Amino acid sequence: MDRDALLRWYDEHKRDLPWRRTRDPYAIWVSEIMCQQTRVETVIPYYEKFLSRFPTPAALASAPEDDVMAMWSGLGYYRRARLLQKGAREVVASYGGQVPRDRDARLKLPGVGRYTAGAIGSIAWSEEEPVVDGNVMRVFARHFGIDSPLGAKETDARMWREAEALVRGPRPGDLNQSIMELGARVCRPRSPTCLVCPIAHGCVAKAEGRQAQLPVPKVKKAPRRVTLATVVATRDKRREILLVKQERALFGGLYMTPALEVKGAAPSEAHGRAALAPFGSGRIVSTGKVEHILSHRVMEVTVFLATHGRAKTNSLGRFVALDALHTIGVASLTKKILRSVDLL
DNA sequence: AATCCGGGGTT
DNA sequence: AACCCAGGATT
């Protein structure tokens, strides 16, 4: 693969992204975690807010988890945020507050896998460490004509071998970013613009006209459909709502209206009552339905309203003022539910 | 090796 | 409506 052509193209065409203005390994780390399975354009505002609120590992380590989740609210994959904070605490506890330059030490940080470790090492310190992400796999599959399915062990091994080979030499960080940038901007999933590709001359897929057939995707199964009943309990003239936080459930670490999964029967007011039961009782009236689609779930949520409620706070749940929602972590589904009953 | 974990932009 | 995004942890 033509390293020089890649670098020339990158120097000319790279996007001006906020984390490309720093070589602070902590800032790079934050950006890489945020970018996991998330579009760069989506990440930018979150990145800037997050770094100004938590500018160092020490700042992140000492912050309340709810503050961290609030900053992450809406980004998705909330475990990333909790693991990032855990990692920051390890950095403070074991490495004097400095992200370790040693690759093995970096790899032991929670939430840091092969990709992230390589990205931090190559970008922050110009270490010759490879990265393989979705962009890289697409570019490699086309360029080398790799037609085994993504996700298969042999495919994976081949991708990392190629990435190893590519990153040897000057400017490893820029080289890694150049392939990812190429995948994002030129060698796109559909309609790649091969006419402007700096390495089209060596591309097997282009030579054989197989750009649209590569890479061969992994087979994924249909998302599970789940039916949920949730109850919106208010007090103080609808200015406060009852929210619960569960660590290990869906949306772990975030606050949500009390909910339970409904199996078999259609959701009824009894389900709403049951969802509210741990916190008290109230008259339950059905209101409407909300659909929420995730990549691995299709959720149909029936929303119940508790009126004249005697719901009370306990260790599992608490009332939160609606105008303080932005201070805690809340999933998009929760906001959707609250909008459906005109609370937002 | 398969599954889980969010949300949203693109096509 | 399908696809998939600067992936990693868990089972």
Side-chain angles (χ1 to χ4, degrees), chain A residues 14-15 17-20 28-47 69 72-84 86-87 106-123 129-139 149-157 159-160 163 173-185 187-192 212 215 217-224 226 246-254 256 291-299 329-336:
Chain A
K14 69 179 174 189
R15 288 168 290 180
L17 304 175
W19 47 90
R20 286 185 177 156
I28 306 290
W29 181 14
V30 171
S31 77
E32 293 300 340
I33 298 296
M34 285 188 169
C35 282
Q36 288 171 9
Q37 298 301 98
T38 309
R39 273 164 220 270
V40 163
E41 294 74 17
T42 307
V43 166
I44 292 173
Y46 284 89
Y47 170 84
M69 300 311 290
W72 209 273
S73 184
L75 247 195
Y77 282 131
Y78 299 97
R79 183 167 57 183
R80 294 182 296 174
R82 283 178 284 146
L83 293 180
L84 178 59
K86 234 181 184 173
R106 247 181 286 137
L107 272 170
K108 284 180 189 153
L109 294 172
V112 177
R114 275 194 295 183
Y115 166 80
T116 305
I120 297 171
S122 65
I123 297 171
E129 298 177 20
V131 299
V132 173
D133 73 336
N135 288 311
V136 174
M137 286 194 282
R138 183 170 56 256
V139 174
L150 295 182
K153 201 201 300 189
E154 42 163 326
T155 312
D156 201 53
M159 295 291 176
W160 283 95
D174 286 343
L175 207 49
N176 280 339
Q177 294 189 80
S178 74
I179 322 180
M180 294 193 277
E181 188 82 350
L182 189 72
R185 310 281 290 181
C187 197
R188 305 178 300 212
R190 282 174 291 277
S191 326
K218 65 174 88 177
V219 286
K220 43 186 144 190
K221 51 177 234 172
R224 189 158 74 93
V226 295
Q246 296 173 340
E247 289 304 334
R248 291 193 59 80
L250 191 62
F251 307 119
L254 298 180
M256 192 180 162
E291 187 180 67
H292 194 62
I293 298 173
L294 307 174
S295 50
H296 62 301
R297 290 270 190 288
V298 177
M299 313 176 71
V330 169
S332 293
L333 172 58
T334 303
K335 292 183 180 174
K336 199 182 285 185

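By convention in this document, chain letters (A, B, ...) are assigned in the order of the sequence lines, proteins followed by strands, and residues within each chain are numbered from 1. Reckoned from all heavy atoms, side chains included, excluding hydrogens, waters and symmetry mates. Computed from a predicted model, the values in this text were never measured in an experiment.
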Novice: Can you tell me which nucleotide in B:dC4, B:dG7, C:dA6 comes closest to the side chain of A:Arg15?
Specialist: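 That would be C:dA6.
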Novice: Just how far, in rounded Å, is C1' of C:dC3 from CD1 of A:Ile293?
Specialist: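 In whole Å, C:dC3 C1' lies 13 Å from A:Ile293 CD1.
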Novice: Evaluate A:Gln177 against A:Arg20 for side chain to side chain contact (heavy atoms under 4.5 Å, CB included), listing each step before the verdict.
Specialist: CA-CA 10 Å; A:Gln177 294 189 80; A:Arg20 286 185 177 156; 3.0 Å; yes
Novice: In whole Å, I'd like the distance from the CZ atom of A:Arg79 to the P atom of B:dG6.
Specialist: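 Result: 8 Å.
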Novice: Walk me through whether A:Trp72 and A:Arg80 qualify under side chain to side chain contact (heavy atoms under 4.5 Å, CB included).
Specialist: CA-CA 9 Å; A:Trp72 209 273; A:Arg80 294 182 296 174; 3.6 Å; yes
Novice: Separation of A:Arg138 atom CZ from C:dC4 atom P, in whole Å?
Specialist: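 To the nearest whole Å, that distance equals 8 Å.
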Novice: Using the rule given for side chain to side chain donor-acceptor pair (under 3.5 Å), can you reason through A:Tyr115 versus A:Gln36, listing the C-alpha separation, both sets of side-chain angles and the distance that settles it, and then say yes or no?
Specialist: CA-CA 10 Å; A:Tyr115 166 80; A:Gln36 288 171 9; over 6 Å; no
Novice: What are the atom names and distances for every N/O pair under 3.5 Å that joins the protein to nucleotides 1-3 of chain B?
Specialist:
none

Novice: Heavy-atom count check: over 12 atoms from other residues, nucleotides or ligands less than 6.0 Å from A:Arg297 CZ?
Specialist: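 Yes, enclosed.
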Novice: Give the rounded distance in Å between these two atoms: CH2 of A:Trp29 and P of C:dA6.
Specialist: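 Roughly 21 Å, once rounded to whole Å.
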Novice: Please report, rounded to the nearest Å, how far the P atom of C:dA6 is from the CZ atom of A:Arg80.
Specialist: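 The distance from CZ of A:Arg80 to P of C:dA6 comes to 12 Å, rounded to the nearest Å.
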Novice: Rounded to whole angstrom units, what separation is found between the OH atom of A:Tyr78 and the P atom of B:dG6?
Specialist: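 Going from A:Tyr78 (OH) to B:dG6 (P), I get 7 Å.
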Novice: From the set C:dA9, B:dG8, C:dC3, return the single nucleotide nearest to any side-chain atom of A:Arg39.
Specialist: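 Given the options C:dA9, B:dG8, C:dC3, the side chain of A:Arg39 is closest to B:dG8.
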Novice: Provide the full list of salt bridge (Lys or Arg N to Asp or Glu O under 4.0 Å) pairs with a residue in residues 108-118 of chain A, sequence neighbours left out, each pair given once.
Specialist: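 Listed by first then second residue: A:Arg114-A:Asp156.
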Novice: With a 3.5 Å cut-off and just heavy-atom distances, do the side chain of A:Arg297 and the base of B:dC5 make a donor-acceptor pair?
Specialist: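 Answer is no: no donor-acceptor pair is held.
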Novice: With a 4.0 Å cut-off on heavy atoms, is A:Thr116 in touch with a base, just the backbone sugar-phosphate, or nothing at all?
Specialist: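 Contact class for A:Thr116: sugar-phosphate only.
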Novice: So, is A:Tyr77 close to the C:dC5 phosphate, meaning a side-chain N or O under 4.0 Å from OP1 or OP2?
Specialist: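 Answer no for this pair, as no side-chain N or O of A:Tyr77 is under 4.0 Å from OP1 or OP2.
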Novice: Within a strict 4.5 Å, meaning less than it, do heavy atoms of the A:Ile44 and A:Pro18 side chains meet?
Specialist: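 Yes, at least one pair of side-chain atoms sits under 4.5 Å.
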Novice: Of the nucleotides C:dA9, C:dA6, B:dG7, which one has an atom closest to the side chain of A:Asn135?
Specialist: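 Side chain of A:Asn135 sits closest to C:dA6.
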Novice: Closer than 4.0 Å, any side-chain N/O of A:Thr38 to the OP1 or OP2 of B:dG7?
Specialist: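 Checking B:dG7 against A:Thr38, no side-chain N or O comes under 4.0 Å of OP1 or OP2.
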Novice: Both A:Pro110 and A:Leu17 contact DNA chain C. Taking the nearest nucleotide for each, which residue is further toward the 5' end?
Specialist: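 Residue closer to the 5' terminus by nearest nucleotide: A:Leu17.
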Novice: How long is the line joining CH2 of A:Trp19 and P of C:dA6, in whole Å?
Specialist: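 So the two atoms are 10 Å apart, to the nearest Å.
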Novice: Could you tell me whether A:Gly74 contacts a base, only the sugar-phosphate backbone, or nothing, with contacts defined as non-hydrogen atoms closer than 4.0 Å?
Specialist: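 Touches sugar-phosphate only.
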Novice: What's the gap between B:dC5 and C:dA6 when it is taken at their P atoms, as a whole Å value?
Specialist: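 Comparing P positions in B:dC5 and C:dA6 gives a spacing of 23 Å.
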Novice: How many angstroms lie between CG in A:Asp174 and NZ in A:Lys14, if you round to the nearest 0.5 Å?
Specialist: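 Those atoms lie 5.5 Å apart.
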Novice: Is any side-chain nitrogen or oxygen of A:His292 closer than 4.0 Å to OP1 or OP2 of B:dG7?
Specialist: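 True: A:His292 side-chain N/O within range (under 4.0 Å) of B:dG7 OP1/OP2.
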Novice: Does any N or O in the side chain of A:Thr155 come within less than 3.5 Å of the main-chain N or O of A:Leu150, such that one atom is a donor and the other an acceptor?
Specialist: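 Not a single qualifying donor-acceptor pair exists.
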Novice: What contact category does A:Val112 fall into here, base, sugar-phosphate, or nothing, at under 4.0 angstrom with non-hydrogen atoms?
Specialist: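 Sugar-phosphate: the residue A:Val112, judged by heavy atoms under 4.0 Å, touches backbone atoms but no base.
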Novice: For the P atoms, the ones on B:dG6 and on C:dT11, what distance do you get once it is rounded to whole angstrom?
Specialist: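 Each nucleotide's P atom is 15 Å from the other's.
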Novice: With respect to the phosphate group of B:dC4, does any side-chain polar atom (N or O) of A:His296 fall under 4.0 Å of OP1 or OP2?
Specialist: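 Negative; the distance criterion is not met.
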Novice: Quick check on C:dA6: is either OP1 or OP2 less than 4.0 Å from any side-chain nitrogen or oxygen of A:Gln36?
Specialist: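 No, no such contact exists.
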Novice: Does NZ belonging to A:Lys336 count more than 12 external heavy atoms closer than 6.0 Å?
Specialist: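 Yes.
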Novice: In terms of side-chain heavy atoms of A:Ser332, which of C:dC3, B:dG8, C:dG7 is nearest?
Specialist: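 Nearest nucleotide to the side chain: B:dG8.
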Novice: Specify the separation, in whole Å, of atom CD1 of A:Ile33 and atom C1' of C:dA6.
Specialist: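 Interatomic distance, CD1 of A:Ile33 to C1' of C:dA6: 10 Å.
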Novice: 5'-most contact on DNA chain B: A:Arg224 or A:Val330, nearest heavy atom basis?
Specialist: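 The answer here is A:Arg224.
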Novice: Respond yes when some side-chain nitrogen or oxygen of A:Ser295 is under 4.0 Å from OP1 or OP2 of B:dC5, and no when none is.
Specialist: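 Negative; the distance criterion is not met.
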